[in-house]
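Have a look at the structure below, then the notes.
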Amino acid sequence: MAYWLIKSEPDAYSWAQMQQDKRTHWSGVRNHQAAGNLRAMKIGDLAFFYHSNVGKEIVGIVEVAATAYPDPSDETKKFVMVDVAYKKSMPKPVTLAQMKSEKSLANLQLIKQSRLSVVPVRAEEWQKIMALGGLK
DNA sequence: GCCAACGTTGGC
DNA sequence: GCCAACGTTGGC
């Protein structure tokens with residue numbers, strides 16, 4: 001099983017909305033590298049839900065519920081989307097500042113490539129962030 | 001095919 | 001509001 005981190009601006013689609021919807025189409029990705037990550041997702045993979053711009057923190061966890069399929073909102077037919085389902089909220093949101101101050105998270109793709117909206121997370125990074133967020 | 005100009009994302 | 005990073009577009 002793989003781990004990921006997906007970003008959303010809360011003004012566009014917030015965690016509160018995700019909790020309400022329970023499941024949503026993760027559409028609108030228009031970057032080939034991010035799309036490649038979407039294609040690599042498997043059912044049951046977990047992803048952190050990160051609020052970019054406003055908040056700049058990981059607020060929850062979602063589970064991949066459908067693997068990549070064509071994004072109908074993309075006229076070029078090149079991009080895909082996945083479905084994700086609400087899993088749980090972070091008892092304590094983990095901020096970007098917190099992650100940057102952790103030496104063990106120095107290689108986070110989120111930090112190294114801040115503009116990418118779908119990034120992989122290593123297992124050890126996942127565990128570390130879970131602990132920071134008050135889970136397990 | 002190169003590269004300058006421009007647009008977008010996202011942190012500060 | 002500014003700026004760095006980086007992707008895309010279009011002229012040549």
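Proteins get letters first, then strands, A, B, ... in listed order; numbering begins at 1 in each.
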Among C:dC6, C:dT8, B:dG11, the one nearest any side-chain atom of A:Lys56 is B:dG11
Among C:dT8, B:dG11, B:dT8, the one nearest any side-chain atom of A:Lys100 is B:dG11
Practice problem: Tell me whether the OP1 or OP2 atom of B:dT9 has a side-chain N or O from A:Tyr50 closer than 4.0 Å. | Solution: no
With the side chain defined as heavy atoms from C-beta on, A:Leu96 is closest, among B:dT9, C:dT8, B:dC12, to B:dC12
Applied to residues 103-116 of chain A, the side-chain hydrogen bond (donor to acceptor under 3.5 Å, both in side chains) test, sequence neighbours excluded, yields A:Gln33-A:Gln113, A:Gln109-A:Gln113
Q.
Whether A:Arg30 and A:Asp71 form a salt bridge (side-chain N of Lys/Arg under 4.0 Å from carboxylate O of Asp/Glu) is what I want to check.
A. yes
message = Check this one for me: any side-chain N or O of A:Lys7 less than 4.0 Å away from OP1 or OP2 of B:dG10?
response = yes
- Would A:His25 and A:Tyr69 count as a side-chain hydrogen bond (donor to acceptor under 3.5 Å, both in side chains) if you check the C-alpha gap in whole Å, the side-chain angles of each, and the deciding distance to 0.1 Å? CA-CA 10 Å; A:His25 307 300; A:Tyr69 57 102; 2.9 Å; yes
*Tell me what A:Lys112 touches on the nucleic acid: a base, only sugar-phosphate, or nothing, going by heavy atoms under 4.0 Å.*
nothing
When rounded to whole Å, the CZ to C1' distance for the pair A:Arg30 and B:dT8 reads 14 Å
Quick note, A:Asn31 side chain, CB onward, closest among C:dG7, B:dG11, C:dT8 is C:dG7
key: Short side-chain donor-acceptor distance under 3.5 Å, A:Trp4 and A:Asp45   = yes
